[in-house]
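The next block holds one structure in the form of structure tokens; read it before the comments.
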Amino acid sequence: MPLRRSVVRLLLAVCLVAGVATQAFAQLGRVSGIIKSEDGQALKGATITAENPNIGQSLTATTDDKGRFIMLGLRGGNWRFIAQAPGFSPDGGQMNVRMGAPNPPVTFILKKSGVANFGPLGGITGKDLQDGIDRADRALAAQRWDEAIGTYRDLLARSEALSVLHLQIATAQRGKKDYDAAIAAYGELLKADPDNGKAHVGIAETHIERGDRPAAEAALLKAAQSASAPREVLFTLADLRLNAADTTEAAKWFQKASERDPFWGKPIYKLGLCALKSGDTAGAATLMARVIAVDPESPEAALARVSLESLKK
């Protein structure tokens, strides 16, 4: 099944393999496919990058002499893919990866580079794109908000495939305290990528910054109703309820966040805290041990170890 076109973040993808617990690795998602040229020839040595910005995980693979690749260890959720090969324009798309069940094979067709055939980035060269992003990022870091916004928008005007840059535009608008503009920028990204967790959470954070917690919770509740609601949406909603001392409701949403990504220790740790607040020390100990088992290198695992030691006293 061919991948549908979506937001592609070519030069911002990081070629890192995220760590997963060895004993759970086989239960994670598996995606395979083939990369070919437009004339049907298999492309050996092409690279495929998979990125899930909602969980901060990125993986890469290389094709064999028949253009085939296999990627193992993907957590469930929406992943963005980009295929590249020397002399060809990149091709990208996204798919919802399932864990513990077969995912359909994917095919990328790469076109030769050239003036008449630019691929998804609409004719922006890699150097131009990187230079533009670097300029905008430097301006953003220096709090030159208008300069950053202008540079990001210039890149967007040259290629709609860079719609993920609306996140940086929203960050700059929040820096200016132009909250309506920030929410509008997040909304532009959601038009292209409706399940972008960073955009949904960003809208909620913007409402909180302007002092409107009810609007933040309403935005998260609306996003959480989607069957494919990102884990960050569910977690942030749970955290709001926990901060409001509604432990029961918070635990419900932390549980949903954990179900969305069973190998994410953060919501499991918060479930342990909810159990402690409710006086269920045995349940809290079980949850803390689970954090350590499924996400042993996380900050939450370190906190869970401290909690377990404290519970033993």
Is the shortest heavy-atom distance from the side chain of [X] to the side chain of [Y] under 4.5 Å?
X	Y	result
T47	I82	no
T62	K44	no
L167	Y186	yes
I169	L156	yes
L308	R305	no
I292	Y269	no
Q173	I149	yes
M288	E309	no

Run E209 and K177 through salt bridge (charged side-chain N to carboxylate O under 4.0 Å, His left out) and show every step you take. CA-CA 9 Å; E209 287 173 12; K177 302 189 184 307; over 6 Å; no
Just verifying a value: how many Å separate [X] [atom1] and [Y] [atom2], rounded to the nearest 0.5 Å?
X	Y	atom1	atom2	answer
H166	D193	NE2	CG	11.5 Å
R241	L220	CZ	CG	11.0 Å
D91	I48	CG	CD1	8.5 Å
T281	K312	OG1	NZ	14.0 Å
D65	L43	CG	CG	12.0 Å
F108	I34	CZ	CD1	12.0 Å

Just do the side chain to side chain contact (heavy atoms under 4.5 Å, CB included) check on R174 and T206 with the steps written out, would you? CA-CA 7 Å; R174 287 166 64 179; T206 304; 3.3 Å; yes
Does D180 form a salt bridge (charged side-chain N to carboxylate O under 4.0 Å, His left out) with R210? I'd like the steps, not just the answer. CA-CA 10 Å; D180 288 338; R210 76 194 316 176; 2.9 Å; yes
Dump the intermediate steps for side chain to side chain contact (heavy atoms under 4.5 Å, CB included) on Q84 and L110, then the final yes or no. CA-CA 8 Å; Q84 302 177 79; L110 304 190; 5.7 Å; no
Would you check if there is a donor-acceptor pair between the side chains of R290 and S258 at a distance under 3.5 Å?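 Checked: S258/R290 side chains pair up, N/O donor to acceptor below 3.5 Å.
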For E259, I'd like to know if atom CD has over 12 heavy atoms of other residues, nucleotides or ligands within 6.0 Å. yes
Check ion pair D239-K270 (N to O, under 4.0 angstrom): yes
Quick check with a 6.0 Å cut-off and a 45 degree axis cone: is K266 positioned over the face of W264's six-membered ring? no
Show the numbers, then the answer: is there a salt bridge (charged side-chain N to carboxylate O under 4.0 Å, His left out) between E249 and K252? CA-CA 5 Å; E249 189 71 7; K252 181 183 82 172; 3.0 Å; yes
